[in-house]
2 protein chains.
Amino acid sequence: MTEVKKDLRYIRTRKSIMDAFMKISEKKDFKDITVKDITTEAMINRATFYYHFVDKYDLLEKVLSEVFLINLNDEIIKDYVLNEEVIVNLFLAITSFNSSLSSRCHNGYEETIARIIKEQLEIIFYKMLQRQSEGEERDRIASVMLSWGIYGAAIAWNKNSELPPEEYIKLVIPHLSSGFYKEPNKKD
Amino acid sequence: MTEVKKDLRYIRTRKSIMDAFMKISEKKDFKDITVKDITTEAMINRATFYYHFVDKYDLLEKVLSEVFLINLNDEIIKDYVLNEEVIVNLFLAITSFNSSLSSRCHNGYEETIARIIKEQLEIIFYKMLQRQSEGEERDRIASVMLSWGIYGAAIAWNKNSELPPEEYIKLVIPHLSSGFYKEPNKKD
DNA sequence: TCGAATATGTCGTATATACGATAAATGACT
DNA sequence: AGTCATTTATCGTATATACGACATATTCGA
């Protein structure tokens, strides 16, 4: 389907646009970013932007869903299973998007961002859980809870914490690895 | 003359090539760098490299002479005169090329590199000295001595010192600002 | 020493992108 | 309200670049 372009020019330009967008996102709120900003940073013509994306919202969707699967697929999903390192890295990936996250949600686009991120997280968690699977439906639910949980933690970190994100998320790792509470009466 | 191209594609691609080259230079010795290495890193076709440069030696010359005048012209030469900050920055710029510099000089290309860098340094020093000029010929000679001196210091730093380059060069700053020796009998 | 791989340059053709123009939408200021 | 400036989005044409093929060098291990 959707015709995967493999012309090097296309790939490089697409990457330039996405990199530029992410760089600008670190300083500017999403709603204040113009297509001109992006094309200037990416050193491409404005018309070329529209050759690749419908508009900046389209770009946002694709950046969010691809950056996760690119940055993380390669080094993490391939042979890793769910563990501390994975969770920390995912958390860092989310918080690095603080630009879009931290802004007031008065234009209603934050929900879309949140939705996309959580969808991607869910996909990743599900893939990883299946490697050590103990039931498909259980994995599904676990993926949902983890995606919402991690994302929520990122939001909370953004609002409150002065801790570095890495330390912040590590505080809760014990609960994720060994459970949130102790079985009251367990053999052995 | 030489037809300054201003097509954005040309500019972006040229920059990509130079950035890629500098990045690779930090890890690989110049003589071990292939055109393929550069084009892969820059995400461009090999043929395109030859559209921009004759060969990797041509690229080296242009990188060396432009990087100095780009990185330094903007922030330094414009309204600055010769001072501590300028000297430190120039020194850092040179040492950051340690890749090519530090290699054994058995292919004889180090001399070319040295020549180009010194030429560029001389141009920069001369421009700066002229702002506070006390004679054209004196400025010329001073530029020559400074360019050779700074460059030599960079080479020496590379061979011997464990000091950070910034500290290293700062040790000699007093001599550059106040002279290498005291006038034996000076009025006042 | 000899092949076999890898690197260098060059060329013709196809295509992604630059450029400039355009119209319409949006926003800021009086 | 209206104007001015900026941004969005689309178009036709020109051009820089990708691609693949090619002939030479160069490197390197058997």
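Convention: sequence-line order gives letters A, B, ...; per-chain numbering from 1. It should be emphasised that the depicted structure is a prediction, and the values quoted were computed from it without experimental measurement.
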Hey, what are the protein-to-nucleotides 8-15 of chain D N/O distances that come in under 3.5 Å?
from, atom 1, to, atom 2, distance (Å)
D:dT8, OP1, A:Val35, N, 3.2
D:dT8, OP2, A:Val35, N, 3.3
D:dT8, OP2, A:Arg46, NH1, 3.4
D:dA9, OP2, A:Tyr50, OH, 3.3
D:dA9, N7, A:Arg46, NH2, 2.7
D:dT15, O2, B:Arg9, NH1, 2.6
D:dT15, O2, B:Arg9, NH2, 3.1

> Could you give the CG-to-C1' distance, from B:Leu8 to C:dC19, as a whole number of Å?
Replying inline: 10 Å

> Does a nitrogen or oxygen in the side chain of B:His52 sit under 4.0 Å from OP1 or OP2 of D:dT17?
Replying inline: yes

>> How many whole angstroms separate atom CG of B:Asp58 from atom P of C:dG9?
In response: 11 Å

>> Strictly distance-based, threshold 3.5 Å: is any side-chain N or O of A:Trp157 a donor or acceptor partner for the main-chain N or O of A:Leu163?
In response: yes

> Between A:His175 and A:Tyr181, is the ring centre distance below 6.0 Å?
Replying inline: no

> Apart from A:Tyr126 itself, what residues make up its hydrophobic cluster when side-chain heavy atoms of I, L, V, M, F, W and Y under 4.5 Å apart count as a link, directly or indirectly?
Replying inline: none

>> Please pick, from C:dA18, C:dA16, D:dC19, the nucleotide with the shortest atom-to-atom distance to any side-chain atom of A:Asn45.
In response: C:dA18

>> Counting only side-chain heavy atoms from C-beta out, which of C:dC19, C:dT17, D:dT17 sits nearest to B:Tyr10?
In response: D:dT17

> Between B:Thr48 and B:Ile44, is there a donor-acceptor pair closer than 3.5 Å when you use the side chain of the first and the backbone of the second?
Replying inline: no

> CD1 of B:Ile11 versus P of C:dT17: gap in Å, rounded?
Replying inline: 17 Å

>> Rounded to whole Å, please give me the gap between NZ in B:Lys6 and P in D:dA16.
In response: 12 Å

> Using a distance-only test with no angle check, is there a side-chain donor-acceptor pair under 3.5 angstrom linking A:Thr13 and B:Arg12?
Replying inline: yes

> How close or far is atom C1' of C:dT10 from atom CZ of B:Phe53, stated in whole angstroms?
Replying inline: 18 Å

>> Does the Lys NZ or Arg CZ of A:Lys56 fall within the cation-pi geometry relative to A:Phe30 - under 6.0 Å from the ring centre and within 45° of the axis?
In response: yes

>> With rounding to the nearest 0.5 angstrom, report the CD to CD distance, B:Glu167 to B:Glu162.
In response: 12.0 Å

> Which letters describe nucleotides 21-29 of chain C, given B = protein heavy atom under 4.0 Å from base, S = only from sugar-phosphate, - = neither?
Replying inline: ---------

> Can we say B:Lys118 and B:Glu122 salt-bridge, meaning some charged N sits less than 4.0 Å from an Asp/Glu carboxylate O?
Replying inline: no

>> In whole Å, I'd like the distance from the CE atom of A:Met43 to the P atom of D:dT17.
In response: 11 Å

> If you look at every heavy atom in B:Asn45 and A:Leu8, which pair is closest and at what distance?
Replying inline: N-CD2, 3.9 Å

> Rounding to a whole Å, what distance do you find between A:Lys15:NZ and C:dA16:C1'?
Replying inline: 19 Å

